[in-house]
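Comments concern the structure below.
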Amino acid sequence: MELLEGTKLTLPIFERDNLLEMSNPISCSYSKVDAGSSLPIRHTNNKLCNGLAVDAKNEQAAISTSAGSATSDLKGPTNPMVTALLTDMYQITMAYAYWRAGKHIDQAVFDLFHRKNPFGGEYTIFAGLEECIKFAANFRFKDYEIDYLRSIMPPSCEEGFFNYLKGIDCSNVKIHAIAEGSIVFPRVPMMRVEGPLLIAQLLETIFLTLVNYASLVATNAARHRQVAGKSKLLLEFGLRRAQGPDGGISASKYCYLGGFDATSNLDAGRRFGIPVRGTHSHAFVSSFMSSDEISERSLVYANKIDKCDDFVSLIEHWLSKIQVAEFFHGKFSETNQSELAAFTSYALAFPTEFLALVDTYDVMRSGIPNFCAVALALQQLGYKPKGIRLDSGDLAYFSIEARKIFAAIEKEFAMPGFGKLSITASNDINEDTLDAINKQGHEIDAFGIGTHLVTCYKQPALGCVYKLVEVRGQPRIKLSEDFSKVTIPGKKQCFRLYGNEGYPLVDLMIGENEPLPKVQERILCRHPFQESKRAYVVPQRVEALYKCYWAGKSGFKQEPLPSLDASRRHCQQQLATMRPDHMRSLYPTPYKVSVSAKLYDYIHFLWLSEAPVGELH
Ligand SMILES: Nc1ncnc2c1ncn2[C@@H]1O[C@H](COP(=O)(O)OP(=O)(O)OP(=O)(O)O)[C@@H](O)[C@H]1O
Ligand SMILES: O=P(O)(O)OC[C@H]1O[C@H](OP(=O)(O)OP(=O)(O)O)[C@H](O)[C@@H]1O
Ligand SMILES: O=C(O)c1cccnc1
Ligand SMILES: [Mg+2]
């Protein structure tokens with residue numbers, strides 16, 4: 001980009017930190033393709049893309065080495081827009097009023113939780129914790145932010161408040177949380193924030209911003225994975241349809257956490273070490289007119305010794321051969337020559353990675369025969385073509401037809417492996433189309449999914465909330481006519497109790513000082529609000545859900561932040577431990593969330609003492 005001297009340049013949000021990295025020269029080479037897949041892949045986390053791989057690793061190293069230290073050297077959040085000022089105005093007005101009332105240093109406890117699982121399901125994947133902890137570790141107002149706050153607050157606000165704000169950070173805050181990538185259920189806090197009232201309150205908006213979308217899209221990804229099945233390759237293609245750059249980057253990160261295999265988003269690949277994948281677009285196909293445009297027609301064999309002087313003619317030879325073959329009988333006559341030229345050029349550029357988008361003109365009459373001719377020519381030269389991408393029409397039907405043709409070619413021309421060429425499908429795929437395609441039967445190996453996945457089309461927001469549950473050691477409750485909105489007061493400990501068959505039976509919340517649930521010991525678990533709903537549980541395993549991920553300078557043991565890959569594995573393990581009826585799409589069984597008998601009594605005592613008694617006339 002050329003800039004006129006004196007031109008003022010405002011960088012887009014993600015570019016600022018890239019500038020720092022530009023001093024690090026980057027050299028990339030195309031990598032090997034993963035076994036069984038069809039698309040070019042660059043693993044930025046396995047050194048195939050050198051300069052970048054180091055970056056991704058260093059980032060992870062910075063995360064794990066920082067753990068344990070009270071005042072952490074954790075890097076800030078991924079998005080530099082995530083600052084102390086990225087909050088709602090009412091946080092600052094409340095902060096001022098707390099400060100004026102002398103309540104700002106009261107010890108407070110807030111719970112972050114959701115009230116309802118998304119997408120009509122009965123589970124949620126918790127994500128966004130790492131970003132919250134990185135935010136907490138770096139939380140501070142900058143001088144220019146304080147100046148801005150002074151400018152928008154009423155002139156009557158005392159200067160002492162702004163001086164106070166200048167000095168605050170999270171060193172007196174503690175954050176307990178469930179591990180990122182865990183399955184979580186309504187009302188059980190994913191995070192518990194303890195600290196001075198003013199500071200803990202100030203974390204509300206940004207923590208919700210960092211957790212809500214992350215958990216929603218991770219859950220969406222996990223649901224797509226569940227329908228697609230373990231053996232399918234799931235590619236996230238959503239960047240262009242995401243809600244802005246942050247939506248795109250976050251989607252790539254959390255879809256990977258939720259069970260996708262790779263992303264098309266290169267920046268996400270670089271930042272997080274997520275495998276990256278890509279094919280080519282319709283524009284590439286339609287940009288060619290004819291094979292006359294191909295100036296360099298020769299191609300060396302895979303053995304790197306021999307050379308084919310006219311690869312274009314070799315392809316034409318194969319095309320005429322398959323035209324008369326029995327399995328193609330009557331399927332096509334003339335194929336589209338511009339498409340053939342595009343495929344040929346792509347094969348010349350990537351002989352080891354050849355994959356073609358076959359639906360630009362006509363899948364059966366042009367795309368597939370053209371692909372087969374190029375793939376056969378490549379295979380004759382010792383290369384292993386990868387496969388096709390379908391991006392319109394009946395994806396199940398076309399995949400089956402394509403597979404039949406590949407298998408017939410393998411047999412007729414003795415081309416080993418041709419029958420197993422990979423078939424990728426894309427085009428507005430979602431949970432329901434995946435399910436329909438499965439029911440019809442198909443031969444698709446990989447799904448590229450964008451719009452429905454990253455925009456969370458089926459449900460655009462997860463209603464996580466952040467509620468005060470205790471102040472100065474006094475449990476607080478928020479009442480509502482709607483039971484689901486009544487908060488569970490006090491600082492709680494949370495457990496997952498497992499049954500004989502190894503499945504989780506119930507999540508249990510107990511008061512801070514209650515005796516812990518024990519294996520083989522009968523525990524009365526009560527629905528928090530419905531008196532008649534209770535059960536004795538004799539757990540075979542008791543899992544404490546919270547760990548302290550931010551200790552500030554409390555001296556508490558601080559849990560290291562796991563890598564993205566570790567959280568992804570944890571997510572897979574969690575999904576595998578759930579009873580299948582909780583996980584199914586249609587009418588899943590609700591999972592039980594309960595409180596101890598003591599906590600139940602306390603909730604209802606507080607409820608009665610806080611709710612005004614009505615008067616009828
Ligand atoms: N076998 C199938 N079963 C269920 N849904 C399918 C199947 N094949 C494709 N779909 C879905 O049907 C929809 C088809 O989209 P659309 O009506 O835009 O047609 P199209 O094939 O993209 O048409 P065009 O060629 O005009 O782009 C997509 O959401 C796609 O995922
Ligand atoms: O369909 P999605 O799940 O969002 O997946 C991403 C889509 O993005 C590309 O389409 P493109 O933007 O080229 O437009 P198209 O819809 O005309 O194919 C690609 O071919 C997919 O169809
Ligand atoms: O690589 C692809 O095929 C791709 C990438 C983004 C969006 N659609 C397709
Ligand atoms: Mg499309």
Side-chain angles (χ1 to χ4, degrees), residues 38-40 119 217 220-221 223-225 227-229 232-245 247-252 254-256 258-266 268-269 276-288 336 339 342-343 346 355-368 371 386-404 422-460 585-586:
S38 59
L39 308 168
F119 312 117
V217 79
N220 204 18
R223 293 176 64 88
H224 280 75
R225 163 60 71 196
V227 186
K232 300 299 165 196
L233 200 69
L234 290 186
L235 313 172
E236 177 267 311
F237 279 175
L239 180 57
R240 65 190 59 198
R241 304 277 149 71
Q243 274 92 345
I249 289 279
S250 303
S252 303
Y254 297 114
C255 287
Y256 183 65
F260 270 57
D261 296 297
T263 178
S264 62
N265 178 346
L266 292 181
V276 292
R277 292 288 175 112
T279 70
H280 62 76
S281 77
H282 295 112
F284 179 79
V285 179
S286 51
S287 72
F288 285 81
N336 184 299
E339 179 179 65
F343 290 0
Y346 206 70
L355 187 144
L357 174 62
V358 292
D359 72 328
T360 306
Y361 302 112
D362 188 311
V363 175
M364 297 309 295
R365 292 196 187 88
S366 186
I368 291 182
F371 164 78
K386 298 302 171 198
I388 59 169
R389 174 160 77 98
L390 298 164
D391 191 44
S392 59
D394 186 326
L395 301 170
Y397 169 78
F398 280 143
S399 72
I400 290 169
E401 291 303 303
R403 181 70 69 215
K404 279 189 210 156
S422 159
I423 301 176
T424 299
S426 53
N427 185 25
D428 261 330
I429 291 173
N430 58 31
E431 260 188 270
D432 298 335
T433 47
L434 282 175
D435 187 46
I437 287 170
N438 280 346
K439 287 187 175 126
Q440 291 155 44
H442 67 91
E443 287 290 337
I444 298 164
D445 303 292
F447 291 97
I449 314 183
T451 312
H452 285 268
L453 178 67
V454 308
T455 65
C456 298
Y457 208 92
K458 203 169 178 181
Q459 180 180 321
S585 319
L586 201 59

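These numbers come from the heavy atoms of this one structure, side chains and all, not from hydrogens, waters or symmetry mates. These figures come from a predicted structure and were not determined experimentally. Order of listing sets the numbers, starting from 1, for every ligand and every atom in it.
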Ligand 1 N/O to protein N/O, distances under 3.5 Å:
unit_1: ligand 1; atom_1: 1 (N); unit_2: Asp394; atom_2: OD1; d: 2.8
unit_1: ligand 1; atom_1: 1 (N); unit_2: Gln440; atom_2: OE1; d: 2.7
unit_1: ligand 1; atom_1: 3 (N); unit_2: Gln440; atom_2: NE2; d: 2.9
unit_1: ligand 1; atom_1: 8 (N); unit_2: Gly393; atom_2: O; d: 3.4
unit_1: ligand 1; atom_1: 8 (N); unit_2: Leu395; atom_2: N; d: 3.0
unit_1: ligand 1; atom_1: 21 (O); unit_2: Gly393; atom_2: N; d: 2.5
unit_1: ligand 1; atom_1: 22 (O); unit_2: Asn427; atom_2: ND2; d: 2.6
unit_1: ligand 1; atom_1: 29 (O); unit_2: Asp428; atom_2: O; d: 3.2
unit_1: ligand 1; atom_1: 31 (O); unit_2: Asn427; atom_2: O; d: 2.6

**Fill in**
Nearest heavy-atom approach of Leu453 to His224 is CD1-ND1, 4.0 Å
**Message:** Ignoring hydrogens, what is the shortest heavy-atom contact between Val276 and Gly269? Give both atom names and the distance.
**Reply:** CG1-CA, 3.7 Å
**Message:** How far is atom 20 (O) of ligand 2 from the closest protein heavy atom, and which atom is that?
**Reply:** Asp391 OD2, 2.8 Å
**Message:** So for ligand 2, is Phe237 a polar contact partner (N or O within less than 3.5 Å, distance only)?
**Reply:** no
**Request:** Select one of side chain, backbone, both or neither to describe which atoms of Thr451 lie under 4.0 Å from any atom of ligand 2, heavy atoms only.
**Result:** both
**Message:** Under a 4.0 angstrom heavy-atom cut-off, which atoms of ligand 2 come close to Asp428?
**Reply:** 1 (O), 2 (P), 3 (O)
**Request:** Enumerate the atoms of ligand 2 whose separation from the nearest heavy atom of Arg389 is less than 4.0 angstrom.
**Result:** 19 (C), 20 (O)
**Test side chain to side chain donor-acceptor pair (under 3.5 Å) applied to Asp359 - qualifying residues, sequence neighbours left out** = His282, Ser392
**Leu234 side, atom CG; Cys255 side, atom SG - distance, nearest 0.5 Å** = 10.0 Å
**Asked** For Ser250, which residues count as a side chain to side chain donor-acceptor pair (under 3.5 Å) partner, sequence neighbours excluded?
**Response** Asp246
**Closest approach of Leu239 to Gly248 (non-hydrogen atoms, all atoms of both residues)** = CD1-CA, 3.7 Å
**Item:** Between Ser366 and Glu339, a side-chain donor and acceptor under 3.5 Å
**Value:** yes
**Prompt:** In this structure, which one of Thr424, Asn427, Val358 forms a side chain to side chain contact (heavy atoms under 4.5 Å, CB included) with Arg389?
**Reply:** Thr424
**Message:** If we count only non-hydrogen protein atoms and require a distance under 4.0 Å, does atom 13 (O) of ligand 2 qualify as touching the protein?
**Reply:** yes
**Item:** His452 and Tyr457 aromatic ring geometry - parallel, tilted or perpendicular at 30°/60° bounds
**Value:** tilted
**Complete:** Atoms of ligand 2 under 4.0 Å from any heavy atom of Asn427, numbered from 1 in the order shown, are 1 (O), 22 (O)
**Partner set under side chain to side chain donor-acceptor pair (under 3.5 Å) for Asp362, not counting sequence neighbours** = Arg365
**ligand 2 to Ser426 polar contact by distance, N or O atoms, under 3.5 Å** = no
**Message:** Using a 4.0 Å heavy-atom cut-off, which part of His452 comes near ligand 2: side chain, backbone, both, or neither?
**Reply:** neither
